[in-house]
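Notes follow once the structure below has been shown.
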Amino acid sequence: MLIECEGLKTIRKYGLSTLTELPAWKNLQKHQRGAAQWRIRDLFAADTDRFERFSTEACGVFLDYSKNLIDEETINRLLDLATETDVEAWRERMFAGDVVNVTENRRALHTALRRETDKSLIIDDTDVMAGIDSVKTHMRDFSDAVRNGSWTGVTGKRITDIVCIGIGGSSLGPRMVTKALGPYADSSLKLHYVSTADGGMIGDALAKVPWQSTLFIVSSKTFTTGETSLNASTARDWMMQQSGGAEMIEKHFVATTADVDRAIEFGIPRENIFEMWDWVGGRFSLWSSVGLPITLAVGMDRFEELLAGARSMDDHFQSAPLNQNMPVILAMLGIWYINFFGIKAHAVFPYDHRLNRLPAYLQQIDMESHGKAVDRDGNTVDYDTAPVIWGKPGTNCQHSLLQKLHQGLDFVPADFMAAADPHTPMGDHHNVLLANFLAQTEALMMGNTENDIRTGLQDRGIDADEIEALLPHRVLPGNRPTNTLLFRRLDPFTMGALVALYEHKAFVQGIIWNINSFDQWGVELGKKLAGEMLADLDGDVPVDNHDPSTNGLINRLKEFRKP
Ligand code: F6P
């Protein structure tokens, strides 16, 4: 399934992963040859219990996975692979705080952040829960003070606007959750997210906020990320200009970081720094102090509900048998299509506009975690890893990208999700939304046959030649697999459970592929080159120290810049 290319040949010298030698892998390969001929609609016709057999519920989330190219044997064989790759033992290692991030010599303890604080977790002779508890108290005190108006800007004005500066994991999670939990938010606080180096982004935010009532949160685990440092400095300079001095910092700037010293060096007072730890991966950090924008928007009690939802998914993941374990099932269905059908993409369609940031969040979770071609032992893999994750909320997706899923040559497995109960009941809207939501997965599975189309066109009196000409264009092959997730309401608990579900799904896939899910070395080269490139962009003297294309582009930019 893996396309051979020069780059792979180069790294192949490090040895080959042995995953594809496992008996379960070979069995799945054999099994797939039969499954590739199946029609999902026929599987339903042959098994009246199929919906019950292939659906499960946990933590208020119901999963229907019956519209997949699977039978009972498929699931058993996939679970054999999970067993042969030691998923359960790795799961315990992660929860216990073992060093699962081997290339950075770190633990991945985001689950501790949502653990009950009175249940100790001893790491290196220290109870990490004490530190977590103390940061949570700090977050509560601070967000209460901002929300009740006792924390004010230097001029005594109540905070009205919060500019959240951070990128990647220091932005995607809080941005997704604050949007999702909009109905629970304090409407007198406006949140603005600034992430990229594009001056237009911070420029637009600063143009909107009154300095006297604006709070800046600088979120960066390392406190060295280029974009975040640049935006933080720009914000600080702007505030100094507006307020006439650096004294405003203690009332207008706070930081969330694992590097307290650097934040202090930047000028943020110690008491305005909300600590996190190197054992929280950036993309898994919304449960830590990185979630401060969430606590400011919806309050600490709601944040605790979010944590409780995630915790209940953690419990389910740790205790449910594999054949009823929702993260495991979703992960293995992904493995089935990626590794045995050669599918390179996975789509996510939330039928909830407040979940519009979910696809972007999942892109980081899946693609930064598993966009790798070397396994944990340094061997080159000869199987596909992270699919391309994409998606868009419904019903917008129906009017743009879903065409490809219905009639494209290859299929793209997709997750659809919706709440039974809307936060904003508006006449018939929710029923129309749900009707569209259900219609899509049905259409993707059932398709539209030649016979049905011919009959429909004949009924409309279209002449025979035209019908024959139209038929190939109008047939929808169907047999396109989907998962459907339903929940009662998109409340904080459900949101927490949903996000943890996808985190654990990604974790399981990382174990199957024997990949370290918690490092991201691939992003480093671009950062280094961008740093070096900066000097080359200065002035109007042409450069010749890069490859010909890059030289040409730099020199063309310099030409364009001339008056
Ligand atoms: O460049 C990738 C990355 O390291 C992500 O993994 C991380 O979430 C993001 O940058 C931001 O990093 P930091 O929180 O250290 O600023």
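We use all heavy atoms of the structure for the numbers below, so side chains are in, but hydrogens, waters and symmetry mates are not. Order of listing sets the numbers, starting from 1, for every ligand and every atom in it.
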Do Y361 and V499 have side chains that get closer than 4.5 Å, going by heavy atoms? yes
Ligand-side contact atoms (ligand 1) for residue partner G168, heavy atom cut-off under 4.0 Å: 8 (O)
Going by an N to O cut-off under 4.0 Å, is there a salt bridge joining D161 and K208? no
What protein heavy atom sits nearest atom 4 (O) of ligand 1, and how far off is it? K527 NZ, 3.9 Å
In terms of atom number and element, which parts of ligand 1 are under 4.0 angstrom from non-hydrogen atoms of S170? 13 (P), 14 (O)
Can you name the closest pair of heavy atoms from T224 and S220 and give their distance? N-OG, 3.9 Å
Distance from atom 7 (C) of ligand 1 to nearest protein heavy atom, with residue and atom: G169 N, 3.9 Å
Where does T222 meet ligand 1, judged by heavy-atom distances below 4.0 Å: at the side chain, the backbone, both, or neither? both
Geometric class of the F507/F317 ring pair [parallel <30°, tilted 30-60°, perpendicular >60°]: perpendicular
How about atom 13 (P) of ligand 1: does it have a protein heavy atom within less than 4.0 Å? yes
Here the atoms of ligand 1 under 4.0 Å from any heavy atom belonging to Q520 are 6 (O)
Look up atom CD1 in I294 and atom SG in C164, then write down how far apart they are to the nearest 0.5 Å. 10.0 Å
Just list the side-chain donor-acceptor pairs under 3.5 Å for residues 165-179, sequence neighbours left out, or say none.
from, atom 1, to, atom 2, distance (Å)
T178, OG1, P174, O, 2.7
T178, OG1, R175, O, 3.4
T178, OG1, Y193, OH, 2.8

Tell me whether T228 has any N or O atom under 3.5 angstrom from an N or O of ligand 1. no
What's the shortest distance from atom 2 (C) of ligand 1 to any protein heavy atom, and which residue and atom give it? E368 OE2, 3.2 Å
Begin from the C-alpha positions of E104 and K221 and carry the test salt bridge (Lys or Arg N to Asp or Glu O under 4.0 Å) through to its verdict. CA-CA 14 Å; E104 296 181 311; K221 178 177 170 184; over 6 Å; no
Note the single closest protein heavy atom to atom 11 (C) of ligand 1, along with its residue, its atom name and the distance in Å. I167 O, 3.3 Å
Pick out which of D352, L63, V348, V61 makes a side-chain contact (heavy atoms from CB on, under 4.5 Å) with M417. V348
Going by the order shown, which atoms of ligand 1 are within less than 4.0 Å of some heavy atom of Q364? 5 (C), 6 (O), 8 (O)
